[in-house]
Structure formats: structure tokens, C-alpha cells
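Here the structure is a predicted model, which means the values were calculated and not measured. Residue numbers count from 1 along this sequence.
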Amino acid sequence: MPTDPAVSAPGPDGASGAAQSSDPAAPAAGGAGAVLTRSREELAAALGRAPGPRAVVMTMGALHEGHFDLVREAARRVGEAGTVVVTIFVNPLQFAAGEDLDSYPRDLEGDLEGLERALRGPEGALGVGRLVVFAPAPEAIYPDGPPRVRIDPGPMSTVLEGRTRPTHFAGVCQVVLALLHLTSPRWALFGRKDAQQLAIVTAMVEDLAVPVEIVPVDIRREPDGLAMSSRNAYLTAEERRRALALSEALGAGRRASAGGAGPAQVRSAAQAVLDAAPGVITDYVAVVDPATFTDLTGQGPGLPPSSGISGERPGGSGRALLAVAARVGSTRLIDNCLVDLPADRG
């Protein structure tokens, strides 16, 4: 998921030393800590004894401060008596042939340490009743091999990220729905950085009447503006400098919007920055409705207004999503921001 090198190998039983226990529902020895589970049965046992309200954060590991923002917001919602579940699973269904499934950064031991660090208060105790980490192998999620029933993510999955990665969102929806059933949370938290994933997952739970509230969490950025991503680890020092063009393009779009520009002009302002950036190969620049991904410019890569997806803003007024994707070296990066568009002025 959601929604990016060295591998830290777990112990012989599949658990890292940070959270080993003979009882999968018990916290780590020496005090309350993360409960690491690897199978559906271990997860069910841990959740069966878990207190209070529950929130889930779904990740693919290689956790950074952006992920920890989601976890801290989950902890705030469940409170000191509640349970935060963090799933760490590199979902093979999200990767097409030739993508970075095998090389995707993995560091389970570091992830566990980071999660506990993020949630520990000044006195050293976790700020929640229980932190449960679910780090399954693919066969725990797909016990019969490739799923026999597949989720269709609909028209929104065919544009922007879906145009470049046509099978990606079907894989996202498949695993998100399974993990929602396995964890039964009141809240599921997703980062705004993967804005299209956020929109599709929100639509899925609404359309399929899944009893969960989807909570968006703002993008965490480096001090220089680069959006945090597990894939940033692939960048060389020079590529990282060049990657700042993505956030600079968003800044240009925001300034155009603040000056009263319409959606097409906002898109052009962002496109011009990327076009002028050396070593940056643009995939797309789009201004779309953030809930439906309907294109607001009349000429961009979002869904056409004739797609039948409700929610588009006639005339392009209101809040819009400015989304960009580009390749820097061998690494493909995405970023986005919300912009306010002017009301129709006749």
C-alpha cells in the first residue's frame, strides 16, 4: 500500500527480537510493547484480547515519519485504552512485471523499533492500550494462491497512476478489503500522498458498505519540501536534489491558484517547472476533483466529465487536487497538494 535497503532478517521463528513471545497475544517481555503477529490465527488471538476502540494503519514497511504520523493519529483516536494495528505487507498484487517487488525496501526490525519509538511517552510507556503489528507472508493473506474473486476498482483506477500501473489499484483494493476484514477497525488511516489510493479506497468502503471510517492524514515532507517516501532511498544525492522539482511544481501551481488562476492555468504553471527541470521525466500533471478524479482542465489526464462519476465541480470552482508524477533516474515519484480554485466569474 498503501500508500515505497537492507533487509533486516527476523529470527528463526519469523519474529524480530523486538517483539518475540510464546504467546502471540502477549506484549514483549519487560513491559508493554509491540505484539508481532505473522498469521491470521496469531492476529485473531492478539485482537481477541486487545482493549478498547481500534484503528488500523496499512503499510508496506520501510517506515518513515510519514507513516509514524498516521500511527500517532491512530493512537490519538483510540486513546490510552485502545488498540492500534499496523500492517506491514509488501503486497505482490500491487506490482506488475518489471516493477520493484523484489527490491522494495524491507526492514522489519527497524520498523518495529520505529513504531515503539513513535508511540512511547515521556515515561517510556506506549501511549495506547496495545500496539499490534501484523507482518504476514503472502500465503497468510492469499492462502489459496491468486484470489479467486477479484475487486474491480472502477473508472478512477484507469487514469493517472492507473494509466501507468493498470493493475495496481485492483491489488490495493484486494488487500485493503482483506485487511479491513481481518482487523475490524473503527478507523483506517491513509496518507494524502497516495491521493488516488485514498479516493479509491474511500469509494470502495462506501460502495461496499464496509463499516469503517477512512481518515486521511496530511503529507509529511523533508525540510526542503521533498515528500517522504520509502522510494526516496533509491535516489542518489544528485537525483534527490533534482526530485525537489516535484514539490517546486506544486508550489508554482499553488501560487497560480492563489492569484486567481483557473484549473488549466494551475496545471500549466506546475507543468512549466517540471519541463524546465534537468533530469526529470514527467509522467503527468493533473488538476482533478479529489474525490472522483474527474479532470477539471478539459485537457488533462483525469477522468472526462462524461465518465458518469458524480461529484465533479461544474466550471472548475472549489477545492481541487494538483497531482504530479515524474521519474528521476530510475525512481518514479509522485506528489500532490490541494488547491482552491476561484468561483465562476462569468
Open item on the list: Tell me the closest heavy-atom pair linking L180 and P185, and the distance in Å.
Closed with: O-CD, 3.5 Å
Open item on the list: Could you tell me if the side chain of V84 sits less than 4.5 Å from the side chain of V132, heavy atoms only?
Closed with: no
TODO: Using modelled atom types only, decide if a donor and an acceptor are shared between the side chain of N232 and the backbone of A227 within a distance under 3.5 Å.
DONE: yes
TODO: Measure the shortest side-chain to side-chain distance between V56 and L179 over non-hydrogen atoms and say whether it is less than 4.5 angstrom.
DONE: no
Open item on the list: Any side-chain to backbone donor/acceptor pair from N336 onto R192? Under 3.5 Å, distance only.
Closed with: yes
Task: Non-hydrogen side-chain atoms of T158 and P166 separated by less than 4.5 Å - done: no
- [ ] Measure from the side-chain N and O atoms of S39 to the backbone N and O of A140, and report whether any donor-acceptor pair falls under 3.5 Å.
- [x] no
- [ ] Mind listing the closest non-hydrogen atom pair of L296 and A320 along with its distance?
- [x] CD1-CB, 3.5 Å
Task: Side chains of Q94 and M60 in contact at under 4.5 Å (non-hydrogen atoms) - done: yes
- [ ] Treat each ILVMFWY residue as a node, draw an edge where side-chain heavy atoms are under 4.5 Å apart, and state whether F134 and F89 are in one component.
- [x] yes
TODO: State, to 0.1 Å, how close L93 and Q174 come at their nearest heavy-atom pair, and which atoms those are.
DONE: CD1-CG, 3.8 Å
Task: From OG1 (T292) to CD1 (I200), nearest 0.5 Å - done: 11.0 Å
Task: Any donor-acceptor N/O pair, N91 side chain to G171 backbone, under 3.5 Å - done: yes
- [ ] Look up atom CD1 in I151 and atom CG in L177, then write down how far apart they are to the nearest 0.5 Å.
- [x] 5.0 Å
Task: D335 versus S247, side-chain donor and acceptor atoms under 3.5 Å - done: no
- [ ] Start with the C-alpha distance between F190 and V215, add both sets of side-chain angles, then the distance that settles side-chain contact (heavy atoms from CB on, under 4.5 Å), and finish with yes or no.
- [x] CA-CA 6 Å; F190 289 85; V215 179; over 6 Å; no
- [ ] Using the side-chain contact (heavy atoms from CB on, under 4.5 Å) rule, take L274 and Y284 through it: C-alpha gap first, then chi angles, then the decisive distance, then the call.
- [x] CA-CA 10 Å; L274 292 177; Y284 62 75; over 6 Å; no
Task: Q197 side chain vs F169 backbone, donor-acceptor pair below 3.5 Å - done: no
Task: From CG (L250) to OG (S257), nearest 0.5 Å - done: 12.0 Å
Task: Note, R77 side chain near P53 side chain (heavy atom, < 4.5 Å) - done: no
Open item on the list: Just verifying a value: how many Å separate D218 CG and C337 SG, rounded to the nearest 0.5 Å?
Closed with: 11.5 Å
Task: Sidechain-backbone polar pair: R254 side chain, D340 backbone, donor-acceptor under 3.5 Å - done: no
Open item on the list: Do D295 and P304 make a side-chain contact, defined as non-hydrogen atoms from C-beta onward lying under 4.5 Å apart?
Closed with: no
Task: Backbone of S103 reached by a side-chain donor or acceptor of D100 within 3.5 Å - done: no
TODO: Check whether any side-chain N or O of D111 sits under 3.5 Å from a backbone N or O of A62 as a donor-acceptor pair, and report yes or no.
DONE: yes
Open item on the list: Is any side-chain heavy atom of L101 closer than 4.5 Å to one of V90?
Closed with: yes
TODO: Without swapping roles, check the side chain of Q196 against the backbone of V159 for a donor-acceptor pair under 3.5 Å.
DONE: yes
- [ ] Nearest 0.5 Å please: distance from the CZ atom of R49 over to the CZ atom of R130.
- [x] 8.0 Å
Task: ILVMFWY cluster, V212 and M58 together (side-chain gap under 4.5 Å) - done: yes
Open item on the list: Is there a continuous path of hydrophobic side-chain contacts, each under 4.5 Å between heavy atoms, that joins W187 to V86?
Closed with: yes
Task: Side chain to side chain, L226 and R240, heavy atoms closer than 4.5 Å - done: yes
TODO: Provide the full list of side chain to side chain donor-acceptor pair (under 3.5 Å) pairs with a residue in residues 259-282, sequence neighbours left out, each pair given once.
DONE: Q271-D275
Task: Nearest non-hydrogen partners of P290 and A199, listed with the distance - done: O-CB, 3.6 Å
Task: Hydrophobic cluster membership, L160 vs I281, 4.5 Å side-chain cutoff - done: no
- [ ] Check V128 against A75 and note the closest heavy-atom contact, atom names and distance.
- [x] CG1-CB, 3.3 Å
Open item on the list: Checking the side chain of R40 only, and the main-chain atoms of I141 only, is there a donor and an acceptor separated by less than 3.5 Å?
Closed with: yes
Open item on the list: Check this for me, if you would: do D283 and R163 make a salt bridge, where the nitrogen-to-carboxylate-oxygen distance has to be below 4.0 angstrom?
Closed with: yes
TODO: With side-chain contact (heavy atoms from CB on, under 4.5 Å) as the test, would you mind laying out the steps for K193 and I334 before giving the verdict?
DONE: CA-CA 8 Å; K193 180 172 173 293; I334 62 173; 3.7 Å; yes
Open item on the list: Starting from F68, can I reach V78 by hopping between I/L/V/M/F/W/Y residues whose side chains sit under 4.5 Å apart?
Closed with: yes
Open item on the list: Take a 6.0 Å sphere around CD of E65 and say whether it holds more than 12 heavy atoms from other residues, nucleotides or ligands.
Closed with: yes
- [ ] Identify which one of V57, V71, D69 satisfies the side-chain contact (heavy atoms from CB on, under 4.5 Å) criterion when paired with L189.
- [x] V57
Open item on the list: Distance check, rounded to the nearest 0.5 Å: T202 atom OG1 versus E206 atom CD?
Closed with: 6.5 Å
TODO: Would you please test D224 and R241 for salt bridge (Lys or Arg N to Asp or Glu O under 4.0 Å) and show each step?
DONE: CA-CA 9 Å; D224 59 8; R241 186 188 66 77; over 6 Å; no
Task: Heavy-atom pair with the smallest gap, counting every atom of V285 and A270 - done: CG1-CB, 4.0 Å
Task: Residue from E99, E161, E239 passing salt bridge (Lys or Arg N to Asp or Glu O under 4.0 Å) with R332 - done: E161
Task: side-chain contact (heavy atoms from CB on, under 4.5 Å) evaluation trace for V288 with T294 - done: CA-CA 5 Å; V288 297; T294 302; over 6 Å; no
